[in-house]
Every structure is written in structure tokens, then in C-alpha cells.
Chemist: 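Once you've had a glance at the structure underneath, I'll fire off some questions.
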Amino acid sequence: PATAIRTVNVVNTTPPLVGILCGNPATVEVGAPYNDAGATAFDVGDGDLTDQIIATSNVVTGTVGSYTVIYDVTDSSDNPATAIRTVNVVDTTPPDTIITAQPPDPSKSTDASFSFESPSSGSTFECQLDGGGFSACTSPQEYTGLDEGDHTFEVRAKDGSGNTDPTPASYSWTINWVFFMPIIMN
């Protein structure tokens, strides 16, 4: 009788499965530290490959933007697998607004000038007088021909990420001509 020999080579062509831990995408506040949660890897032939994952990251928490963490692993059959986490660095912190110059209270002048600033560089500003509605403004903000009586000026900063100061800086004063009128006595 004839004998035949057959050789069967079993080849693993299935790449490992890489699972990203703690959700994707991740979000971190600008300036805060980012601690990556990592990933796991499992292969049908090799089992748990988590300790063989090579993670590379371009995350810069000092700058608002979208970044990636790439997890690469290869099994013993040279099947590569990759997973990518997106990390969004965001700015949700509203700026502060400071009034640095204002008219005296009380004032005899119907004109008023206000200077203001924000510690958040690149901020723009919105002003309102006597509750008339906020509109874009720059420092100094000038008003002329105001009526005698009580007035309130408010200013709020808006940063480059679109965050607006929720507590505008405010200054109230009174224009009172009578208070400053000279008294003439005979």
C-alpha cells in the first residue's frame, strides 16, 4: 500500500483585539494634567498581550486642541493591531473682568470713561449701561451726555474659546449737579 504524508501548517492571521479603557474620546481641561487610562489587548493564540502594548501620545494639555494616543501591539504571528484614543483639550473656564478706572461717585460730569481688562489674554469685551443690553466694546469705553441721576456700567470679558464672564464687573455712580453747585450767600 502507498503511504501519503500530509503536512498541515496552522497559521494565525487574526490580529489581537485592542480595547481602550474609560471611553473614547477623553476630555481634559487646558492646563490640567492628563493621565491616560490605557488599553488592553487580547489575542486568540497568545492570550493577554496588555503588557506588550506600546502607547505613543502627542497630547499637549497647555494648548486647546484635539490630540491622539495610539496603542500598538503585535502577536507572536506578527499580526499587528492598533487602537486610537482621541483626547480633546478644552477651555471651559470663564474669564474674569476687572474695571481699572471709572468716574468718581458722585460726579458732576455728564460724561463717563471706563477702563477695564481681563487676566485672560486675547479677551474681547461687551459693555452695557443702565441695563440697556450688552454690546461689543473696547477699553476705554466713553459715554457722553448722560442724564443726571443714578447709573450702572457693566462689562464682561469673552475669551478665545467663547467663554463669557458670568459675573460682569459692575460700577454704579450718581451724576448730581446740585451737589456741586456753589451756594451764593449775600
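In this chain, numbering begins with 1 at the start of the sequence shown.
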Chemist: Any donor and acceptor pair, going by atom type alone, linking the side chain of D46 with main-chain N or O of S76 inside 3.5 Å?
Modeler: yes

Chemist: A side-chain contact here means heavy atoms from C-beta on lying under 4.5 Å apart; do V155 and P168 qualify?
Modeler: no

Chemist: What's the shortest heavy-atom distance between F134 and Q128, and which atoms?
Modeler: CE1-NE2, 3.4 Å

Chemist: Regarding T152 and S172, do their side chains bring together a donor and an acceptor under 3.5 Å, going by distance alone?
Modeler: yes

Chemist: Mind listing the closest non-hydrogen atom pair of N79 and D75 along with its distance?
Modeler: N-OD1, 2.8 Å

Chemist: Is the closest side-chain heavy-atom distance between R85 and T68 below 4.5 Å?
Modeler: no

Chemist: Minimum heavy-atom separation for S118 and D96, please, with both atom names.
Modeler: OG-O, 2.7 Å

Chemist: Any chance you could lay out the side chain to side chain donor-acceptor pair (under 3.5 Å) test for T50 and D48, step after step, and finish with the verdict?
Modeler: CA-CA 6 Å; T50 301; D48 187 359; 2.7 Å; yes

Chemist: So, S113 versus E142: side-chain donor-acceptor pair below 3.5 Å or not?
Modeler: yes

Chemist: Once you round to the nearest 0.5 Å, how far does OG1 of T7 lie from CD1 of I5?
Modeler: 7.5 Å

Chemist: If we only count heavy atoms from C-beta on, is the N12 to D43 side-chain gap below 4.5 Å?
Modeler: yes

Chemist: Using atom types as modelled and distance alone, determine if a side-chain donor or acceptor of T61 lies under 3.5 Å from a backbone N or O of A32.
Modeler: yes

Chemist: So if you build clusters from Ile, Leu, Val, Met, Phe, Trp, Tyr with side-chain heavy-atom gaps below 4.5 Å, do V89 and V60 land together?
Modeler: yes

Chemist: Just by distance, with hydrogens left out, do S139 and E117 show a side-chain donor and acceptor under 3.5 Å apart?
Modeler: no

Chemist: If you compare all heavy atoms of W173 against all heavy atoms of P104, which two are closest, and at what distance to 0.1 Å?
Modeler: CD1-O, 3.9 Å

Chemist: Does the side chain of S57 come within less than 4.5 Å of Y67's, by heavy atoms?
Modeler: no

Chemist: If Ile, Leu, Val, Met, Phe, Trp and Tyr residues are connected whenever their side-chain heavy atoms lie under 4.5 Å apart, and connections chain through other members, are V87 and V90 in the same group?
Modeler: no

Chemist: Any sub-3.5 Å donor-acceptor pair from E29's side-chain atoms to T92's backbone N or O?
Modeler: yes

Chemist: Is any side-chain heavy atom of T13 closer than 4.5 Å to a side-chain heavy atom of S77?
Modeler: no

Chemist: Can you tell me how far apart OG1 (T40) and CD1 (I20) are? Round to the nearest 0.5 Å.
Modeler: 9.5 Å

Chemist: Is there a donor-acceptor contact under 3.5 Å from the side chain of T174 to the main chain of D150?
Modeler: no

Chemist: Going by atom types alone, do T167 and D165 pair a side-chain donor with an acceptor below 3.5 Å?
Modeler: yes

Chemist: What verdict does the side chain to side chain donor-acceptor pair (under 3.5 Å) test give for D111 and T144, after you've listed the backbone C-alpha separation in whole Å, the side-chain angles of each residue and the deciding distance to 0.1 Å?
Modeler: CA-CA 4 Å; D111 298 339; T144 59; 4.7 Å; no

Chemist: Are Y171 and L129 co-members of a hydrophobic cluster defined by side-chain heavy atoms under 4.5 Å apart?
Modeler: yes

Chemist: Which distance, rounded to the nearest 0.5 Å, do you find between the CD1 of I70 and the OG1 of T56?
Modeler: 4.5 Å

Chemist: If you take all heavy atoms of I175 and D147, which pair is closest and at what distance?
Modeler: CD1-O, 3.6 Å

Chemist: Do V28 and V30 sit in one hydrophobic cluster, given that two such residues count as connected whenever their side-chain heavy atoms are within less than 4.5 Å of each other, even indirectly?
Modeler: yes

Chemist: Can you tell if the side chain of Y71 reaches within under 4.5 Å of the side chain of D36, non-hydrogen atoms only?
Modeler: yes

Chemist: Quick one: does S107's side chain have a donor or acceptor within less than 3.5 Å of a partner on S109's backbone?
Modeler: yes

Chemist: Tell me whether T100 contacts the main-chain N or O of S115 through its side chain, where contact means a donor paired with an acceptor under 3.5 Å.
Modeler: yes

Chemist: Could you check if a side-chain atom of N163 sits within less than 4.5 angstrom of a side-chain atom of T93, using non-hydrogen atoms only?
Modeler: no

Chemist: Roughly how far, to the nearest 0.5 Å, is the CD1 atom of I99 from the CD atom of E154?
Modeler: 8.5 Å

Chemist: Identify whether V69 and I53 are in the same connected component of the hydrophobic contact network (ILVMFWY, side-chain heavy atoms under 4.5 Å).
Modeler: yes

Chemist: Quick one: OG on S120 to NZ on K158, what's the gap to the nearest 0.5 Å?
Modeler: 13.5 Å

Chemist: Evaluate the ring planes of F114 and Y143, with Trp represented by its six-membered ring, and classify them as parallel (under 30°), tilted (30 to 60°) or perpendicular (over 60°).
Modeler: perpendicular

Chemist: Is there side-chain contact between Q141 and F153, with at least one heavy-atom pair below 4.5 Å?
Modeler: yes

Chemist: Just how far is it from atom OG1 of T97 to atom CZ of F125, taken to the nearest 0.5 Å?
Modeler: 6.0 Å

Chemist: Evaluate S66 against N88 for side chain to side chain donor-acceptor pair (under 3.5 Å), listing each step before the verdict.
Modeler: CA-CA 5 Å; S66 186; N88 295 313; 3.1 Å; yes

Chemist: Return the minimal non-hydrogen interatomic distance between A81 and P16, and the atom names on each side.
Modeler: CB-O, 3.3 Å

